[in-house]
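If you're wondering where the values come from, they're calculated on a predicted model, not measured in any experiment. So that the names make sense, note that chain A is the first sequence line, chain B the second, and so on, each numbered from 1.
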2 protein chains.
Amino acid sequence: MLTEKELELVRQEGLKVDNLLCFALYAASRTAVDAYRPLLGKIGITYPQYLVMLLLWEQEPRTIKEIGTALYLDSGTLSPLLKRLEKKGLINRQRDSQDERLVNISLTGEGHALKEQVRDLPETLFCQIGWPLEDFGSLVKRLHDLTGRIYAAQTGG
Amino acid sequence: MLTEKELELVRQEGLKVDNLLCFALYAASRTAVDAYRPLLGKIGITYPQYLVMLLLWEQEPRTIKEIGTALYLDSGTLSPLLKRLEKKGLINRQRDSQDERLVNISLTGEGHALKEQVRDLPETLFCQIGWPLEDFGSLVKRLHDLTGRIYAAQTGG
DNA sequence: TGATATTGTATTGTACACAATATATTTAGT
DNA sequence: ACTAAATATATTGTGTACAATACAATATCA
């Protein structure tokens with residue numbers, strides 16, 4: 001897969017933080033979430049909570065499992081997070097009557113209404129950062145590709 | 001900075017999870033850390049702890065502040081993390097005699113020795129994922145560029 | 001149908017991550 | 001030297017993340 005020369009390069013450089021793809025992702029991710037924090041703080045939710053709301057604004061109800069699959073999060077993370085969203089009055093948690101293992105998550109009126117308050121949030125951030133639009137799309141594509149590759153490599157796919 | 005047409009696109013698509021650059025980063029970052037977990041688990045450390053060790057293998061001692069700057073982490077995260085590394089016997093924490101506000105972090109013999117055990121970790125992961133080497137370098141560069149941009153936009157730079 | 005495997009959520013425990021605050025120390029300015 | 005500002009670490013509290021486990025419900029197959 002790699003030539004001996006390329007492998008040598010990986011061995012030499014692979015133990016320096018700045019060369020690590022994983023660290024670059026790790027730092028970029030936290031910095032990006034930092035940019036959302038003050039804006040989301042105004043409406044009282046966190047970034048992971050915002051991701052859940054985005055999913056529900058697109059389509060509802062959804063089960064916890066479906067939300068977890070879409071966001072790559074497990075129930076140990078989502079269970080308490082969804083309870084906090086319920087406490088804020090933004091969502092309803094209701095056990096499915098057909099299959100009682102499932103918990104259906106739906107929006108309250110207040111949850112629907114919140115969408116208006118974040119309508120121009122992506123635009124605001126986009127302009128703040130000043131990242132070229134073409135770059136933007138291609139980077140997102142490469143990241144999703146990478147995520148898929150790593151995920152597949154893990155599960156032996 | 002953006003044309004009206006481009007802004008319209010951002011408004012339309014910006015509220016869908018899959019289009020968000022931030023979510024792509026968030027998911028990629030967590031998935032990449034997942035790939036490290038089983039390998040680092042064998043030697044008993046976590047990914048953020050591994051990043052600290054990488055820095056110290058490059059140069060030591062370093063203050064908590066220096067480590068935090070390099071990794072974009074604050075003392076609230078690093079203080080307990082470093083105490084855990086100390087408890088594992090990998091590092092020493094010693095207050096600076098010149099400036100007693102500083103805590104110098106250095107490696108123990110065991111900490112130095114650990115480097116050998118992770119020598120081929122980057123190579124292992126690299127081959128697991130099968131990501132083209134050219135892509136690798138350019139993606140890391142773009143991510144660091146992005147992190148810098150967001151960081152600068154926040155601090156008003 | 002009855003045992004078994006699978007699936008989905010909840011719970012517990014450990015480890016980040018960061019805001020807010022407290023405290024101590026050095027540095028600057030007069 | 002004295003005071004005020006700035007710097008650095010520690011602590012507390014909230015909110016993720018995830019492994020491990022438990023438990024309940026459905027699906028499957030002999």
Side-chain angles (χ1 to χ4, degrees), chain A residues 22-23 25-38 40-42 44-52 61-88 93-105 151 154, chain B residues 22-23 26-38 40-42 44-52 61-69 71-88 93-105 151 154:
Chain A
C22 189
F23 173 65
L25 289 167
Y26 178 75
S29 172
R30 281 184 296 112
T31 307
V33 170
D34 283 347
Y36 278 83
R37 206 186 315 279
L40 291 175
K42 283 181 188 163
I45 62 176
T46 66
Y47 184 72
Q49 289 169 12
Y50 173 62
L51 292 178
V52 170
R62 300 201 194 217
T63 65
I64 296 183
K65 177 68 174 180
E66 288 167 346
I67 295 171
T69 301
L71 301 181
Y72 302 91
L73 291 171
D74 73 357
S75 67
T77 299
L78 286 174
S79 274
L81 185 156
L82 291 167
K83 283 176 182 171
R84 285 188 284 270
L85 283 178
E86 185 185 36
K87 194 182 286 180
K88 291 183 213 285
R93 295 165 65 254
Q94 176 139 31
R95 206 161 277 277
D96 193 298
S97 55
Q98 302 297 312
D99 181 343
E100 296 199 1
R101 289 171 307 176
L102 308 180
V103 175
N104 286 307
I105 306 296
Y151 195 80
Q154 300 237 18
Chain B
C22 188
F23 173 65
Y26 177 75
S29 172
R30 281 186 295 111
T31 307
V33 171
D34 284 347
Y36 278 84
R37 206 185 314 282
L40 291 175
K42 283 180 189 163
I45 62 175
T46 66
Y47 184 72
Q49 290 169 11
Y50 173 63
L51 292 178
V52 170
R62 299 199 194 221
T63 65
I64 296 183
K65 178 68 172 181
E66 288 167 346
I67 295 171
T69 301
L71 301 181
Y72 302 90
L73 291 170
D74 72 8
S75 67
T77 299
L78 286 174
S79 275
L81 184 155
L82 291 167
K83 283 177 183 171
R84 283 187 286 272
L85 284 179
E86 186 186 36
K87 196 182 286 181
K88 291 183 214 287
R93 294 164 66 252
Q94 177 139 30
R95 207 162 278 274
D96 191 299
S97 54
Q98 301 299 311
D99 182 343
E100 297 200 1
R101 289 170 305 178
L102 308 180
V103 174
N104 287 307
I105 306 296
Y151 196 80
Q154 299 237 18

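- Atom CD1 of B:Ile45 is separated from atom P of C:dA15 by 13 Å (rounded to the nearest Å).
- Scanning all heavy atoms of the two residues, the minimum distance from B:Ile64 to B:Leu78 falls at O-CD1, 3.8 Å.
- In this structure, the side chain of A:Lys88 engages the main chain of A:Gly44 through a donor-acceptor pair within 3.5 Å.
- B:Gln98 has no side-chain polar atom (N or O) that falls below the 4.0 Å cut-off from OP1 or OP2 of C:dT25.
- Counting any heavy atom pair closer than 4.0 Å across all strands shown, A:Leu78 reaches no nucleic acid atom.
- Looking at residues two or more places apart in sequence or on another chain, you find a side-chain hydrogen bond (donor to acceptor under 3.5 Å, both in side chains) between B:Arg101 and B:Asp99.
- Residue-environment remark: NZ (A:Lys65) stays at or below the threshold of 12 foreign heavy atoms within 6.0 Å.
- In this structure, B:Thr46 reaches the C:dC16 phosphate: one of its side-chain N or O atoms is under 4.0 Å from OP1 or OP2.
- Applying the side chain to side chain contact (heavy atoms under 4.5 Å, CB included) rule to A:Arg37 yields the partners A:Val33, A:Asp34; only residues at least two apart in sequence or on another chain are considered.
- Judged by distance alone, with hydrogens and angles left aside, the side-chain atoms of B:Thr31 form a donor-acceptor pair with the main-chain N or O of B:Ala27 at under 3.5 Å.
- Residue order along DNA chain C, read from the 5' end via each residue's closest nucleotide, puts B:Lys88 first among B:Lys88 and B:Asp74.
- Distance CG (A:Asp96) to C1' (C:dT7): 14 Å, rounded to an integer number of Å.
- Applying the ring pair (Phe, Tyr, Trp, His ring centres under 6.0 Å) test to A:Tyr36 and every residue at least two apart in sequence or in another chain returns A:Tyr47, A:Tyr50.
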Please enumerate all protein N or O atoms sitting under 3.5 Å from an N or O of nucleotides 9-11 of chain C, with distances to 0.1 Å.
| residue | atom | partner | partner atom | Å |
| --- | --- | --- | --- | --- |
| C:dT9 | OP1 | A:Ile64 | N | 3.4 |
| C:dT9 | OP2 | A:Lys65 | N | 2.8 |
| C:dA10 | OP1 | A:Arg93 | NH2 | 3.0 |
| C:dA10 | OP2 | A:Ser79 | OG | 2.7 |
| C:dA10 | N7 | A:Ser75 | OG | 3.1 |
| C:dT11 | OP2 | A:Lys83 | NZ | 2.8 |

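- Spacing between atom CG of A:Leu40 and atom C1' of C:dA19 amounts to 15 Å, rounded to whole angstrom units.
- Looking only at distances, no side-chain donor or acceptor of B:Arg93 sits under 3.5 Å from a matching main-chain atom of B:Glu86.
- Note that the first and last nucleotides of DNA chain D, 5' to 3', having any atom under 4.0 angstrom from a heavy atom of chain A are D:dG15 to D:dT26.
- Taking atom CZ of B:Arg30 as the reference point, atom P of C:dC16 lies 17 Å away to the nearest angstrom.
- Every residue was checked against the salt bridge (Lys or Arg N to Asp or Glu O under 4.0 Å) condition with B:Glu100, not counting sequence neighbours, and none meets it.
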